[in-house]
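Notes to accompany the following structure.
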Amino acid sequence: MKKKLEALIQQAVISLKKEGVIADDIGAAITLERTRDAQHGDFATNLAMMLAKPAKMNPRQLAEKLVAALPKDSAVTKVEVAGPGFINFFIDSRSQYDIVKKVHELGSDFGLSQIGVGKKVQVEFVSANPTGPLHVGHGRGAAYGSAVAGLLEAVGFTVHREYYVNDAGRQMDILATSIWLRYLEECGEPVRFPDNGYRGGYVGDIARDIYKNAKDEYRCPIGLVLEDIPKDEAHGGDKEAHIDALIARAKSLLGTMHYRDIFQAGLTNILDDIKNDLQEFGVEYQEWFSEQHLMDDGSVDLALNRLQASGHLYEKDGATWFASSQLGDEKDRVVRRENGQYTYFASDIAYHMNKLDRGFDLIIDIWGADHHGYIPRVKAAIQALGADANKLKVLLVQFATLYRGEEKVQMSTRSGDFVTLRQLRDEVGKDAARFFYVMRRSEQHMDFDLQLATSKTSENPVYYVQYAHARVCSVLRQLVEKGLPRDIVSGMNGLTQLAEEHELSLLSTLERYPEMLERAALTHEPHQLILYLRELANDFHTYYNAHQFLVDDDKLRDARLNLICAVRQVLANGLKLLNINTPESM
RNA sequence: GCGCUUGUAGCUCAGCUGGAUAGAGCAUCGGCCUUCUAAGCCGAGGGUCGCAGGUUCGAGUCCUGCCAAGCGUGCCA
């Protein structure tokens, strides 16, 4: 209907141009929107006001001329000029009934569109370091990322969901060393745990597993481990130097093979946990991409060679720098340290080169908002590799600030003091967690009160939407219990009986679903979908309280049942897209 | 200091990319169950859209300057 009206308006503009009322060269981007107030009809355009100035005409006069030039259409009952120059369209309510048939015919396909067909999009999200279990901050990225991916798929894009596994680098060494020290404790060595080590209980769990299987195989006397190690922070030293020395010591005492055993035990264990966690959260990936793999297959070298060849690298102070400041970054960045090691950024350049080489039309990275300063350098890298920086779209997710009632919860991965995603799921369930996470705009700060969210009796909006779905199911059960017949075809033929205000309102909300979905997908804003579902549920609950569905009049009953079944279908389509359950009873 | 983001009802947040009288959920107050599930519905109160200018027919939305908060500003990841 919206597209139809836009076409009509376009024709009116063309004919006015032919008459010379408006100059040919005036651009006319038609903005047609649904009215908020029923007095303003169903759709309205501000076109006359937009064109008034270039056409040198009074907006209301121009609006009158536009209306006069508008081709007749049976679906449009009235067109009027209002206010400062709005053109309001009133739609024949009979044409609105078609939506019920359409939903019924298309079923779970209703709302899908084709605008993304033929385009490949990569969505990389979560990508938390495998140094510990996912916490509630990652949960938001997971819910948001999978919702964005789902939306893009719904409008036709081919979506590749990917998790970048940071399985190389210093953090992983710190983890491995932490595990080894816990293991030594298990062996009975009097270990003093480093301030900068990973203190979470899972580290000890992994260490105990290793001890159970290997006994003393990896054991070294603690005296040897600590010999000549610089002081830790608690003793007036530098915690970074302390842990780095411990890592080096672990490697030298254990030897390459044994060190790798510990390292792998940590990586495998934690990564499996993350995979399992996300799966239970309803998040699926097409690919888990290993950073180490980029190192091993020479991609990092290749990427740097390409930057070297195009003149974007230089040497200074013994390190290799990327001249990103020439491509919009604040300053140049080191890619290879003085000690010969690549920086994290170097492998990230290689990773994005890899993404580009895979031929995606659009690359979406979803990051925590604390990484926003990183965007210019990655975009610079993409440009330096000869690609269009606009191919990369970085979406930021603000971390949720956690509260327990009034008290703010401090979180630190290192200290192990954090609420895990799994804990959250156990307490509030997958559905509530997903819904809650995606309810707000992603770049918006979000206060997450655990007491409220973990309270079973809390007024959680997800129940509100699910309840509407369950209620329709319940009505259909009642129909059977009362032994009443249902004739879908007759109901479709009798849709025009649905003239109550609540019914017309539902029809128009249903019709909005596809365009809402398209917008939510293209703007990467799943909260639009949540908002819509709450609105649809609200319309339904209001209708439910105002009118009886299982009335004696067969025709009317059939029509109403068809309407509420369409509501149920759309609720289900939206909830499934968000991977939230659609209970038949509650 | 500089950069990015945010500032809307007591609280948590929407606001369709510049439109008509700024909305919803909690919370507060008042109503609705012998009738398809009250996890629901109806109603009321509650606002200097951080502040001050500017752009124009029209600004919560755009531009500038302040104020406040968060994050970033490593040869960390």
Side-chain angles (χ1 to χ4, degrees), chain A residues 31 33-37 39-40 44-46 49-50 52-53 58-60 82-86 88 129 131 166 168-172 174 240 291 316-321 330-331 333-345 347-348 368-376 396 398-399 401 439-441 443-449 452 457-468 470-479 481-482 484 512 515-516 519-520 523 525 527-528 530-531 534-535 537-538 540-551 557 560-561 564 585-586:
Chain A
T31 55
E33 52 181 27
R34 289 178 184 277
T35 57
R36 221 173 314 176
D37 188 338
Q39 285 186 345
H40 301 138
T45 180
N46 61 356
M49 291 180 285
M50 301 292 286
K53 198 167 188 181
N58 175 309
R60 283 197 67 110
F86 288 103
N88 295 336
N129 284 350
T131 52
N166 294 116
R170 181 163 169 267
Q171 295 305 321
M172 287 305 294
I174 294 177
E240 305 290 351
E291 179 188 6
K316 193 180 91 181
D317 302 334
T320 306
W321 297 69
E330 282 181 0
K331 50 177 285 194
R333 311 289 173 177
V334 171
V335 288
R336 187 174 9 218
R337 291 177 216 145
E338 208 174 348
N339 65 10
Q341 295 250 303
Y342 292 124
T343 59
Y344 172 84
F345 181 44
S347 47
D348 227 24
D370 52 337
H371 287 70
H372 66 80
Y374 205 76
I375 298 172
L396 299 176
Q398 280 288 352
F399 269 39
T401 312
M439 206 161 53
R440 284 82 188 268
R441 266 186 26 232
E443 65 267 36
Q444 188 72 256
H445 293 258
M446 166 171 149
D447 285 350
F448 201 137
D449 185 344
L452 195 79
T457 56
S458 85
E459 301 270 350
N460 206 319
V462 67
Y463 293 132
Y464 185 81
V465 176
Q466 287 180 321
Y467 184 42
R471 262 185 158 172
V472 178
C473 297
S474 172
V475 171
L476 293 178
R477 280 194 299 271
Q478 281 294 319
L479 179 79
E481 267 176 44
K482 290 186 175 176
L484 293 168
R512 251 172 50 213
E515 57 198 66
M516 176 283 305
R519 206 176 94 88
T523 56
E525 291 183 342
H527 76 274
Q528 303 276 2
I530 298 269
L531 238 69
R534 292 174 76 174
E535 229 177 291
N538 180 35
F540 172 75
H541 286 310
T542 304
Y543 180 38
Y544 180 98
N545 276 61
H547 299 283
Q548 193 79 12
F549 307 146
L550 300 179
V551 290
R557 185 177 66 240
R560 286 189 168 164
L561 288 175
I564 66 171
S585 66
M586 290 174 76

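Each chain gets a letter, A, B and so on, in the order the sequences are listed, and its residues count up from 1. Below, all heavy atoms of this structure are taken into account, side chains as well, without hydrogens, waters or symmetry copies.
Residue A:Ser474 is in base contact, counting any heavy-atom pair closer than 4.0 Å across all strands shown. Within the 4.0 angstrom heavy-atom criterion, no nucleotide atom of any strand lies near A:Thr320. Heavy atoms of A:His527 sit under 4.0 angstrom from primed sugar atoms or phosphate atoms, though from no base atom. At the heavy-atom level, A:Ala546 lies nowhere under 4.0 Å from the strands shown. Across all strands, A:Leu550 comes closer than 4.0 Å to base atoms (heavy-atom distances). Across all strands, A:Ala44 comes closer than 4.0 Å to base atoms (heavy-atom distances). Contacts of A:Asn166 with the nucleic acid, taken as non-hydrogen atoms under 4.0 Å apart, are absent. Across all strands, A:Asp317 comes closer than 4.0 Å to base atoms (heavy-atom distances). Across all strands, A:Asn58 comes closer than 4.0 Å to no nucleic acid atom at all (heavy-atom distances). Counting any heavy atom pair closer than 4.0 Å across all strands shown, A:Gln528 reaches sugar-phosphate atoms only and no base atom.
A distance cut-off of 5.5 Å between ring centres, combined with a plane angle under 30°, leaves A:Tyr544 outside any stacking arrangement with the base of B:G40.
For B:C41, its base never sits under 3.5 Å from the side chain of A:His541 at any donor and acceptor pair. On a pure distance criterion of 3.5 Å, a polar donor-acceptor pair joins the side chain of A:Asn46 and the base of B:G19. Judged by atom type and distance alone, A:His372 reaches the base of B:G3 through a side-chain donor-acceptor pair under 3.5 Å. Counting distance only, with no hydrogens placed and no angle test, the side-chain atoms of A:Asp370 and the base atoms of B:A77 include no donor-acceptor pair under 3.5 Å.
Using the Watson-Crick or G-U wobble rule with both distances under 3.5 Å, B:C41 pairs with B:G31. The pairing partner recorded for B:A9 is none, the criterion being a Watson-Crick or G-U wobble arrangement whose two distances lie under 3.5 angstrom. With both pairing distances under 3.5 Å, B:G19 is matched to B:C57 as a Watson-Crick or G-U wobble pair. Base pairing analysis places B:U64 opposite B:A52; the two distances defining the Watson-Crick or G-U wobble pair are each below 3.5 Å. Base pairing of B:A14 is not made with any nucleotide, judged by Watson-Crick or G-U wobble geometry with both donor-acceptor distances under 3.5 Å. Pair assignment for B:G47 gives none, since no Watson-Crick or G-U wobble pairing has each distance under 3.5 Å. Nucleotide B:C71 has B:G3 as its partner under the Watson-Crick or G-U criteria, with both atom distances under 3.5 Å.
Spacing between B:G3 and B:U64 at atom P, rounded to whole Å, works out to 11 Å. Of the P atoms belonging to B:A22 and B:U6, the separation is 24 Å, rounded to the nearest Å. Taking the C1' atom of each, B:A20 and B:G60 are spaced 15 Å apart, rounded to whole Å. A distance of about 36 Å separates the P atoms of B:G74 and B:C11, rounded to the whole Å. Spacing between B:A44 and B:G25 at atom P, rounded to whole Å, works out to 12 Å. Straight-line distance between the P atoms of B:C62 and B:A14: roughly 15 Å, to the nearest whole Å. Distance noted for atom P between B:C16 and B:U61: 12 Å (whole Å). Nucleotides B:C75 and B:C71 are separated by 23 Å at their C1' atoms, to the nearest Å.
Comparing A:Arg333 and A:Arg337 along RNA chain B, the residue whose closest nucleotide (by nearest heavy atom) sits nearer the 5' end is A:Arg333. Mapped onto RNA chain B by nearest heavy atom, A:Thr45 and A:Met586 fall at different nucleotides, with A:Thr45 at the one closer to the 5' end.
To the nearest 0.5 angstrom, A:Glu481 atom CD is 10.5 Å from A:Leu550 atom CG. Residue A:Arg170 holds its CZ atom at 11.0 Å from CD of A:Gln341, rounded to the nearest 0.5 Å.
Side-chain proximity of A:Arg170 to the nucleotides B:A20, B:A38, B:C76 is greatest for B:C76. Comparing B:G40, B:A77, B:A20 by their nearest atom to the side chain of A:Tyr464 picks out B:G40. In this structure, of B:C36, B:U5, B:C75, it is B:C36 that holds the atom nearest to the side chain of A:Phe549. Counting only heavy atoms from C-beta on, A:Val475 has its side chain closest to B:C36 among B:G19, B:C75, B:C36.
Under the 6.0 Å distance and 45° angle rule, A:Arg471 counts as a cation-pi partner of A:Tyr544.
Put simply, CD1 on A:Ile530 is 13 Å from C1' on B:G25, counting in whole angstrom units. Atom CD in A:Glu535 sits roughly 11 Å away from atom P in B:G25 (whole-Å rounding). If you take CG of A:Asn538 and C1' of B:G43, they are 14 Å apart, rounded to a whole angstrom. For A:Arg519 and B:A14, the CZ to C1' distance is 11 Å, given to the nearest whole Å. With rounding to whole Å, A:Ile375 atom CD1 is found 9 Å from B:U5 atom P.
Between A:Arg337 and A:Thr343 there is a side-chain heavy-atom pair separated by less than 4.5 Å. Within the 4.5 Å cutoff, side-chain heavy atoms of A:Arg512 are placed close to those of A:Glu535. Between A:Asp370 and A:Leu396 the shortest side-chain heavy-atom distance does not fall below 4.5 Å.
Dashed line: the shortest gap from a side-chain N or O of A:Thr542 to OP1 or OP2 of B:C42 is under 4.0 Å. Under 4.0 angstrom from either OP1 or OP2 of B:C33 there lies no side-chain N or O belonging to A:Asn545. Distances shown here put every side-chain N or O of A:Tyr342 at or beyond 4.0 Å from the OP1 or OP2 atom of B:A77. The phosphate of B:A14 (OP1 or OP2) has a side-chain N or O of A:Gln444 nearer than 4.0 angstrom. Proximity of A:Arg471 to the phosphate of B:A38: a side-chain N or O atom is located under 4.0 Å from OP1 or OP2. Close to B:C36, at under 4.0 Å from its OP1 or OP2, lies no side-chain N or O of A:His547. Between A:Lys316 and B:C75, a side-chain N or O to OP1/OP2 separation shorter than 4.0 Å is absent. Contact between the side-chain N/O atoms of A:Arg441 and the OP1/OP2 oxygens of B:G15 is found at a separation under 4.0 Å.
For B:C26, the O4'-C1' to base torsion is more than 90° from 0; the nucleotide is therefore anti. B:U17 shows a glycosidic angle within 90° of 0 and is accordingly assigned syn.
Note on ring orientation: taking the six-membered ring where Trp is involved, the planes of A:Phe345 and A:Tyr374 are perpendicular (angle over 60°, cut-offs 30° and 60°).
A:Thr131 and A:Gln171 share no donor-acceptor pair across their side chains, judged by distance under 3.5 Å alone.
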Side chain to side chain contact (heavy atoms under 4.5 Å, CB included) between A:Asn166 and A:Met172, worked out: CA-CA 8 Å; A:Asn166 294 116; A:Met172 287 305 294; over 6 Å; no

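A donor-acceptor pair is defined here as one N or O able to donate and one able to accept, closer than 3.5 Å; such a pair exists between the side chain of A:Thr523 and the backbone of A:Arg519.
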